[in-house]
Amino acid sequence: MMLLKSPAEIAVMREAGRITASTLRVVGEAVVPGITTQELDEIASEHIRQAGGKPAFLGYHGFPATLCVSVNDEVVHGIPGKRRLKEGDIVSVDCGVIVDGYYGDAAMTFPVGAVSEEARNLMDVTRASLEAAIARCRPGMRLGDVGNAVQGVVERAGYSVVREYVGHGIGRSMHEEPQVPNFGRAGTGLQLRPGMVIAVEPMVNAGGYAVRSLDDGWTVVTADGSLSAHFEHTVAITADGPMVLTLE
Ligand code: MG
Ligand code: MG
């Protein structure tokens, strides 16, 4: 069942989203060659607590960190650690924050120094696919319209959309119904209504869409070793259209 949120609940989620967004900003500013992914996690942890939020991922199903940090062919759910970012890498940072029991969830992929044209284009296309999907987040549109918007932008660019992981409803839990696939047929699926809040999160591979999990039980990588990018926003459906909650 899809839970609808009141304007008061959405206002609290906006605060969670604001902290999520500012965390991604400070982490992004810290992304330079030589920094470890663990150091990025520490920056996020300190920032979230100082801002009055709680990290949403820490302890979630046993996840051991504040951020998911996924480098190059890592798609999602990378565990921060001793790995040092190097010039030319791309790094996907996923962050969740809780304020007064409500969740915000957002992700961005950052370049580490100068990156290849392919890496830059992959990031640009993934971000554009998210923007196209958000534009469909209005009453009367359907989840198939949202997923189709992502898929169209991505596939026209020659890239592929990950199938095994999808976006989701969000509110008093990080993952609520419905699932929000990044693919689909326009005009199909659940119809969007004011009060729905969803996390839209295209995961886009430069190669094929197949992925696999590493032995750490968390990290998801592309099956063919190609680069992957990930952008996510938490979006409320309002009578006036989409309201992106994960902005500062
Ligand atoms: Mg996320
Ligand atoms: Mg999410």
Side-chain angles (χ1 to χ4, degrees), residues 3 5-71 74-85 89-112 130 165 167-176 197-201 203 216-220 230-236 243-248:
L3 300 168
K5 276 79 183 179
S6 69
E9 289 180 295
I10 290 173
V12 179
M13 294 186 74
R14 179 75 182 91
E15 286 312 306
R18 209 185 294 280
I19 298 174
T20 309
S22 65
T23 305
L24 286 176
R25 175 176 49 78
V26 300
V27 169
E29 288 165 0
V31 168
V32 290
I35 196 163
T36 68
T37 55
Q38 174 67 42
E39 287 166 337
L40 295 180
D41 198 67
E42 287 160 10
I43 289 166
S45 173
E46 186 176 326
H47 178 84
I48 291 169
R49 291 174 201 283
Q50 279 183 354
K54 273 188 4 187
F57 296 174
L58 185 64
Y60 186 82
H61 294 288
F63 189 76
T66 294
L67 299 176
C68 294
V69 183
S70 308
V71 183
E74 296 173 351
V75 179
V76 286
H77 304 166
I79 302 172
K82 293 181 179 146
R83 181 173 186 164
R84 280 186 194 285
L85 298 178
D89 286 343
I90 60 172
V91 57
S92 298
V93 178
D94 196 347
C95 181
V97 173
I98 309 169
V99 171
D100 293 341
Y102 288 87
Y103 285 71
D105 188 7
M108 290 182 73
T109 302
F110 300 102
V112 184
L130 174 59
Y165 298 87
H168 48 92
I170 180 169
R172 289 179 81 75
S173 303
M174 189 152 61
H175 295 121
E176 296 182 352
V197 184
I198 56 177
V200 185
E201 51 176 315
M203 290 150 265
D216 63 18
W218 283 103
T219 312
V220 176
H230 182 205
F231 284 82
E232 176 181 27
H233 273 307
T234 298
V235 183
M243 180 194 292
V244 178
L245 302 181
T246 38
L247 293 174
E248 283 194 69

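- Here the shortest heavy-atom pairing between Ile170 and Gly104 reads CD1-C, 4.1 Å.
- The only option from Ile90, Ile35, Val32, Val69 that meets the side-chain contact (heavy atoms from CB on, under 4.5 Å) definition with Leu85 turns out to be Ile35.
- Counting only distance, with no hydrogens or angles, the side chain of Asp105 and the backbone of Gly96 share no donor-acceptor pair below 3.5 Å.
- Pairing each heavy atom of Ala44 with each of Val27, the nearest pair is CB-CG2, 3.9 Å.
- To the nearest 0.5 Å, atoms CD (Glu232) and CG (Leu24) are separated by 9.0 Å.
- Residue pairs meeting the side-chain hydrogen bond (donor to acceptor under 3.5 Å, both in side chains) criterion with at least one partner in residues 90-100, sequence neighbours excluded, are Ser92-Thr109.
- With salt bridges taken as basic N to acidic carboxylate O contacts below 4.0 Å, one links Glu176 and Lys5.
- Looking at heavy atoms from C-beta onward, Arg83 lies in side-chain contact with Glu74 at the 4.5 angstrom threshold.
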### Query
Does the pair Val220 and Tyr165 meet the rule for a side-chain contact (heavy atoms from CB on, under 4.5 Å), with working shown?
CA-CA 10 Å; Val220 176; Tyr165 298 87; 3.4 Å; yes
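- Using a distance-only test at 3.5 Å, with no hydrogens or angles considered, no donor-acceptor pair links the side chain of Glu42 to the main chain of Glu39.
- How far OG1 of Thr23 is from CG of Leu67: 8.0 Å, rounded to the nearest 0.5 Å.
- Nearest heavy-atom pair across Cys95 and Val97 is SG-CG2, 4.1 Å.
- Judged purely by distance below 3.5 Å, without hydrogens or angles, the side chains of Ser22 and His47 pair a donor atom with an acceptor atom.
- In this structure, OH on Tyr102 lies 8.5 Å from CE on Met13, to the nearest 0.5 angstrom.
- Tyr103 and Arg172 share no side-chain donor-acceptor pair at under 3.5 Å.
- With respect to His233, the side-chain contact (heavy atoms from CB on, under 4.5 Å) criterion is satisfied by exactly one of Thr246, Val200, Thr20: Thr246.
- For Ser70 against Gly78, the heavy-atom pair with the smallest separation is OG-N, 3.1 Å.
- A pairwise comparison of heavy atoms in Val99 and Ala16 identifies CG2-CA, 3.7 Å as the closest pair.
- At a threshold of 4.5 Å between non-hydrogen side-chain atoms, the residues Glu201 and His230 count as touching.
- Interatomic distance, Ser173 OG to Tyr60 OH, rounded to the nearest 0.5 Å: 7.5 Å.
- Residues passing the ring-ring contact (aromatic ring centres under 6.0 Å, His included) test with Phe57, sequence neighbours excluded: none.
- Open room surrounds CE on Met243; 12 or fewer heavy atoms of other groups in view lie less than 6.0 Å from it.
- The minimum heavy-atom distance between Pro55 and Ile48, with the atom names listed, is N-CG2, 3.8 Å.
- Here the CD-CZ distance, from Glu248 to Arg18, works out to 8.5 Å after rounding to the nearest 0.5 Å.
- Ion pairing of Glu9 with Arg14 is absent here, as no side-chain N (NZ or NE/NH1/NH2) approaches a carboxylate O to less than 4.0 Å.
- Around atom CD of Glu46, no more than 12 heavy atoms belonging to other residues, nucleotides or ligands sit under 6.0 Å away.
- With contacts defined as side-chain heavy-atom distances shorter than 4.5 Å, the pair Val235/Val197 does not qualify.
- The distance between the ring centers of His77 and Phe63 does not fall below 6.0 angstrom.
- Counting only heavy atoms from C-beta outward, the side chains of Ile43 and Val26 approach each other to under 4.5 Å.
- Taking His168 as the reference, His175 meet the ring-ring contact (aromatic ring centres under 6.0 Å, His included) condition, with sequence neighbours excluded.
- Under the side-chain contact (heavy atoms from CB on, under 4.5 Å) rule, Asp41 has a single partner from Thr66, Val93, Thr36, Ile79, which is Thr66.
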